[in-house]
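Notes to accompany the following structure.
In this chain, numbering begins with 1 at the start of the sequence shown.
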Amino acid sequence: MTSERLLMLATLMEVESGFLEECVRYGAVRLDEPPESGPAIAPSQAARLRRLQRLCRGLEIDAFAGCIIVDLLDRMDELQAELQRRQRGD
C-alpha cells in the first residue's frame, strides 16, 4: 500500500497515519485495492478501525496490543451470536 493512499485514508478516517499503518501491518485492518471512485474503506473495516482506535486510546496501549484485543473481542462476538442462534433453534 502506498504511503499516499494511507495518508488519504488516515485523513478520511480521522486517525493518525502512523496508527493506520501499524493497524495494516499487524493485519487488524485490511485495505483492499482502491475503487475507481477514490480511497474508500469497507464499512466493516472502518468500524473495526474505530473500535481499535477507541480501545488503544482508552487503555493507553499500542496498536499491536489493541489488535490482539480487538481480534479476541470479534471472536467473542461471533461465539455469542452462534450461541444465540443455537438457543433459538436456528
Side-chain angles (χ1 to χ4, degrees):
M1 162 158 303
T2 67
S3 59
E4 286 179 16
R5 179 153 186 257
L6 270 174
L7 190 56
M8 288 188 335
L9 283 171
T11 302
L12 250 171
M13 298 299 302
E14 298 178 356
V15 298
E16 294 177 15
S17 59
F19 178 77
L20 179 58
E21 186 176 359
E22 286 181 9
C23 293
V24 171
R25 184 179 332 125
Y26 299 136
V29 177
R30 196 181 76 256
L31 303 177
D32 299 320
E33 288 302 311
E36 298 298 320
S37 61
I41 184 171
S44 62
Q45 294 296 302
R48 185 173 169 85
L49 181 62
R50 284 190 299 273
R51 185 179 200 184
L52 181 56
Q53 184 181 30
R54 282 192 312 269
L55 184 74
C56 289
R57 283 184 180 166
L59 297 177
E60 296 180 5
I61 56 176
D62 64 10
F64 183 73
C67 292
I68 293 169
I69 294 170
V70 166
D71 284 341
L72 291 171
L73 290 172
D74 286 347
R75 182 67 179 139
M76 188 175 74
D77 290 344
E78 290 171 12
L79 291 171
Q80 285 178 331
E82 176 66 24
L83 182 61
Q84 288 175 349
R85 280 192 297 277
R86 289 180 186 224
Q87 288 175 342
R88 288 192 313 253
D90 291 354

Interatomic distance, CG@L12 vs CZ@R5, rounded to 0.5 Å, equals 10.0 Å
Rounded at 0.5 Å granularity, tell me how far CG in L49 sits from CZ in R30.
13.5 Å
Heavy-atom closest pair, residues C56 and G66
SG-CA, 3.9 Å
Treat each ILVMFWY residue as a node, draw an edge where side-chain heavy atoms are under 4.5 Å apart, and state whether L72 and Y26 are in one component.
yes
If you define the side chain from C-beta out and look only at heavy atoms, does anything of E4 sit under 4.5 Å from M8?
no
Measure across A10 and S17 and return the closest heavy-atom pair with its distance rounded to 0.1 Å.
CB-CA, 3.6 Å
As a quick check of understanding, evaluate salt bridge (Lys or Arg N to Asp or Glu O under 4.0 Å) for R85 and E82, giving each step before the final call.
CA-CA 5 Å; R85 280 192 297 277; E82 176 66 24; 2.7 Å; yes
Mark yes when over 12 heavy atoms from residues, nucleotides or ligands other than R57 sit less than 6.0 Å from its CZ; otherwise mark no.
no
Could you tabulate the donor-acceptor pairs under 3.5 Å formed by side-chain atoms of residues 73-81, not counting sequence neighbours?
| from | atom 1 | to | atom 2 | distance (Å) |
| --- | --- | --- | --- | --- |
| D74 | OD1 | R51 | NH1 | 2.8 |
| D74 | OD2 | R48 | NH1 | 2.0 |
| R75 | NH1 | E78 | OE1 | 3.3 |
| D77 | OD2 | R51 | NH1 | 3.3 |
| D77 | OD2 | R51 | NH2 | 3.4 |

Residue set satisfying salt bridge (charged side-chain N to carboxylate O under 4.0 Å, His left out) with E16, at least two apart, ordered chain then number -> none
Euclidean distance, F19 CZ relative to D62 CG, rounded to 0.5 Å:
9.5 Å
In terms of hydrophobic clusters joined by side-chain contacts under 4.5 Å, are V24 and I61 together?
yes
Is I68 linked to L20 within one hydrophobic cluster, defined over Ile, Leu, Val, Met, Phe, Trp and Tyr using a side-chain heavy-atom separation of less than 4.5 Å?
no
For Q53 and E14, which heavy atoms make the closest approach, and how far apart are they?
NE2-O, 3.8 Å
Quick one: CD1 on I69 to CZ on F64, what's the gap to the nearest 0.5 Å?
11.0 Å
